Amino acid sequence: DKGNHRHFMEKEIHEQPETISHTLSHYLDFTEGRARREALPFDFAKLDRIAISACGTAYLAGLVSKYWFERYARLPVDIDIASEFRYREMPMPKASAAFFVSQSGETADTLASLRYCRSQGIPIGAIVNVQESTIAREADGIFPTLAGPEIGVASTKAFTSQLSVLAALAVRAGSERGTISAEDEKRMVRELSEAPRYVRQALKLEEQIEKVARKLSQFRHVLYLGRDTSYPLAMEGALKLKEISYIHAEGYAAGELKHGPIALIDRDMPVIVIAPHDRIYDKTVSNMQEVAARGGKIILITDQEGARRSSIDTFETIIMPDVPEIIAPIVYALPIQMLAYFTAVFMGTDVDQPRNLAKSVTVE
Ligand code: M6R
């Protein structure tokens, strides 16, 4: 049932304040300010590395978490697209664990990657939305994303719930490895608990984003740029846009711009820059300047401080609430989902059932 919504995707975008809050409270104790310590099939303190493997949007959630695990828990992460990982014959060190991220829990390549890790004898965690799925059944530990059934082919609420689980696990890993203090843990848990409120604020930008989407729907190609955790988000924005609006889009690490894609920049190329005012904001601004100097149309998604500090003439600026670093990827997922959604609506495509795609890819 779509309720008052035109599409399941729109409904699922709007459910996110509740789904994120539900997921986070399963993994975090907000009263104590601690990550819950449910039994795990491995000990974070004893791991040398973790491997994460997944497809599509689930892969991009995993890629965001690489930054978190490495930064907060000092735990190196090898992250791979499952269709590559399964044939790569990666040596798995003894002190490692593998995580597989999947909404459906049935994705063929992700399952095959899981079985490869099983053959290597390392512990396996499954971050899945469907708890009765094959991937869940074959794992040693199940980490449910608790987003509820996702009907739209484009993954939205499953993505932010995957991010929520992974952020909570990164905080727990940091605490158990002694790389964050009890005080840091408390603060990070509090910051995560605020995510649903900020997501609700982001949803209020709907009208503005619809207007931006109307403009975006006039173009044939779109480039998305971001650094740090905004880099996987840039790729997620591009994936979402091409999947449902059929507009060609690419997501790039902003620093890669001058290694090729800058050749594409002209007046017909909108460039969506995802740039909360964070530790590398100024670097992203200098990439934006390069785009502006070549006539590229910049759509900047930032916060008050970010907007204040950039003197670049943008095509559009979307001002987000000012959020703590750890929740930025969760909150910034909203404008990119809405942008893709409204663009697809303007294009008149079948938003919930885009051509050539299946919700769950159970064949190779
Ligand atoms: O069910 P899974 O999470 O394993 O599916 C993985 C991808 O097929 C999926 O995320 C796909 O990329 C989405 N349609 C993107 O919106």
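Only a predicted model underlies this, so the values are computations on that prediction, with no experimental measurement involved. Note that ligands are numbered from 1 as they come in the structure, with each ligand's atoms numbered from 1 the same way.
- Contact atoms of ligand 1 toward Ala58: 3 (O), 10 (O) (distance under 4.0 Å to a heavy atom of the residue).
- Every residue two or more places apart in sequence or in another chain that forms a salt bridge (charged side-chain N to carboxylate O under 4.0 Å, His left out) with Glu150 is listed here: Lys359.
- For ligand 1, the atoms sitting less than 4.0 Å from at least one non-hydrogen atom of Glu243 are 13 (C), 14 (N), 15 (C), 16 (O), numbered in the order shown with element in parentheses.
- There is a side-chain donor-acceptor pair under 3.5 Å between Glu185 and Ser175.
- Protein heavy atom at the shortest distance from atom 10 (O) of ligand 1 is Thr57 N, 3.1 Å.
- Not a single N or O atom of Gln162, backbone or side chain, sits closer than 3.5 Å to an N or O atom of ligand 1.
- Applying the 4.5 Å side-chain rule to ILVMFWY residues, one finds Leu223, Leu225, Tyr252, Leu257, Ile262, Leu264, Ile265, Met269, Val273, Tyr281, Val285, Met288, Val291, Ile298, Leu300, Ile312 in the same cluster as Val271.
- Side-chain contact check for Glu206 and His14: at least one donor-acceptor pair (N or O, by modelled atom type) lies under 3.5 Å.
- Nearest non-hydrogen protein atom to atom 7 (C) of ligand 1 is Cys55 O, 3.6 Å.
- Every atom of ligand 1 is numbered from 1 in the order shown, and the set under 4.0 Å from a heavy atom of Ala154 is 16 (O).
- Atoms of ligand 1 found under 4.0 Å from any heavy atom of Val153 (numbered from 1 in listed order, with element): 13 (C), 14 (N), 16 (O).
- Scanning all protein heavy atoms for the shortest distance to atom 5 (O) of ligand 1 gives Thr107 OG1, 3.5 Å.
- Atom-to-atom distance recorded for Ile52:CD1 and Lys66:NZ is 8.5 Å, nearest 0.5 angstrom.
- Protein heavy atom in closest approach to atom 1 (O) of ligand 1: Ser104 OG, 2.7 Å.
- Counted by atom type alone, Thr145 and Lys157 present zero donor-acceptor pairs between their side chains at under 3.5 Å.
- Atoms of ligand 1 lying under 4.0 Å from at least one heavy atom of Gln103, given by number and element, are 1 (O), 2 (P), 3 (O), 4 (O).
- Listed by number with element, the atoms of ligand 1 under 4.0 angstrom from any heavy atom of Lys240 are 15 (C), 16 (O).
- Aromatic ring centres of Tyr231 and Tyr67 lie farther apart than the 6.0 Å criterion allows.
- A donor-acceptor contact shorter than 3.5 Å links the side chain of Asp303 to the backbone of His277.
- From the protein, the heavy atom lying nearest to atom 8 (O) of ligand 1 is Val361 CG2, 4.2 Å.
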